[in-house]
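Before any comments, here is the structure.
Being a predicted model, the structure only gives us computed values, none of them experimental.
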Amino acid sequence: MSHARHRSAPARPSAVPSSPPGHHAEPPMTYAANSRLRTLEQGRERNPSPQVIDALSHALHLDEDARAHLYRLAGAAPADRLSPRRIERVSPALRQLMDGYPNTPAFVMNRTLDLLAVNALAQALYSVFTPADNLARMTFLDPAGPTFHTDWNRAAQATVANLREATGFEPDNPRLRELVGTLTEHSADFARLWQSHTVRGKTQDAKHFLHPDVGPLTLTYQAFDVREAPGQQLVIYHAEPGSPSAHSLHLLGSLHATRRQDRSQHTADQPTQPGDPHR
């Protein structure tokens with residue numbers, strides 16, 4: 001009596017792709033997140049909510065660059081851009097880089113043109129302002145603004161265009177709303193220019209200044225995005241080598257260094273007061 005040979009039924013394809021030898025299969029949550037990511041990359045899913053995108057980022061353990069890419073794919077704004085005003089810090093490495101430019105002004109600013117950090121020469125350049133805190137406030141509300149900027153109209157237009165660009169990135173930024181409100185209330189020139197809706201980001205351009213210590217300065221600037229801190233930019237001014245502005249910039253640095261040294265010496269010569277925590 002012959003025995004019939006047993007035949008196994010063909011296996012059905014699994015919904016979860018098989019793993020290579022020696023590898024574990026993806027956990028179901030990770031697999032689902034990867035599948036959702038592929039639908040976004042292929043354009044088969046439109047307008048997911050920020051909550052969904054954040055959940056995908058968390059499930060896939062995405063870093064900041066990958067998370068930003070995911071938001072761009074989805075055509076959405078990261079949730080942290082919609083959060084209340086954040087404390088912005090400049091990394092120690094970036095401060096060290098700025099200080100490595102002793103012969104040229106360098107500073108870090110955010111989208112609302114707040115000066116977050118300056119090197120010694122940038123501090124000297126902006127010493128005419130009290131305080132040197134925000135480029136827009138310094139241009140429109142500080143009495144030194146119209147004299148410092150020899151082409152004030154051009155500087156004012158560029159400043160407003162920079163802030164207008166910021167509204168596209170962070171329309172709900174409370175700091176931006178506060179700044180625009182203050183400038184609109186106290187400067188008719190700003191209010192008029194704000195209605196023009198001109199948009200322009202900082203990349204490179206020439207600036208013309210008149211500093212009370214060294215006279216006219218013609219400087220070109222370059223602006224670089226700080227990738228580890230989205231919204232921050234490193235701005236570096238430089239003068240044409242061998243030009244009168246280069247000599248004036250060098251003189252400004254020397255004057256500033258001398259004044260700082262004199263102040264330090266004056267402080268050191270002061271008698272120590274009993275109970276003074278700083279001495």
To the nearest 0.5 Å, what is the distance between [atom1] on [X] and [atom2] on [Y]?
X	Y	atom1	atom2	result
Lys207	Asp151	NZ	CG	9.5 Å
Leu135	Asn162	CG	CG	8.5 Å
Leu94	Asp99	CG	CG	9.5 Å
Arg175	Asp114	CZ	CG	4.0 Å
Thr184	Leu193	OG1	CG	10.5 Å
Arg164	Gln195	CZ	CD	7.0 Å

I'd like to know if the side chain of [X] and the backbone of [Y] have a donor-acceptor N/O pair within less than 3.5 Å.
X	Y	answer
Gln232	Arg89	yes
Thr150	His208	yes
Trp152	Thr139	yes
Asn119	Tyr101	yes
Ser196	Arg192	no

Locate the shortest heavy-atom distance separating [X] from [Y]; write the atom from each residue and the value.
X	Y	answer
Ala246	Gly242	CB-N, 4.0 Å
Ser245	Pro216	OG-O, 4.3 Å
Pro143	Pro146	O-CD, 3.5 Å
Pro102	Gly100	CD-O, 3.1 Å
Phe107	Met98	CA-CE, 3.9 Å
Ala122	Ala106	CB-O, 3.4 Å

Counting C-beta onward and ignoring hydrogens, is there a side-chain heavy-atom pair between [X] and [Y] closer than 4.5 Å?
X	Y	value
Leu115	Phe129	no
Leu121	His256	no
Thr159	Phe190	no
Arg111	Asn173	no
Leu255	Val214	yes
Leu163	Leu183	yes
Pro105	Leu249	yes
Leu97	Leu234	yes

task: Report yes or no: do Val90 and Phe224 belong to one cluster of Ile/Leu/Val/Met/Phe/Trp/Tyr joined by side chain heavy-atom distances under 4.5 Å?
output: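 Same cluster: Val90 reaches Phe224 through Ile, Leu, Val, Met, Phe, Trp or Tyr contacts under 4.5 Å.
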
- request: Check the hydrophobic clustering (I, L, V, M, F, W, Y; side-chain heavy atoms under 4.5 Å; chains of links allowed) and say if Leu210 and Phe140 are grouped together.
  value: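 No, it is not one cluster - the side chains of Leu210 and Phe140 are not joined through contacts under 4.5 Å.
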
- prompt: Partners of His211 by ring-ring contact (aromatic ring centres under 6.0 Å, His included), sequence neighbours excluded?
  reply: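 Listed in chain order: nothing, the list is empty.
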
- request: Answer with yes or no whether the side chains of Asp189 and Ser187 bring together a donor and an acceptor at under 3.5 Å.
  value: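 Judged by distance alone, the side chains do not pair up.
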
task: Please identify each residue that fulfils side-chain contact (heavy atoms from CB on, under 4.5 Å) with Arg137, with sequence neighbours left out.
output: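 Counting only residues at least two positions away or on another chain, Arg137 forms a side-chain contact (heavy atoms from CB on, under 4.5 Å) with Pro131, Asp133, Asn134, Leu141, Asp142.
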
query: Does the side-chain contact (heavy atoms from CB on, under 4.5 Å) test come out yes or no for Leu179 and Leu113, once each step is laid out?
result: CA-CA 10 Å; Leu179 178 63; Leu113 308 184; 5.6 Å; no

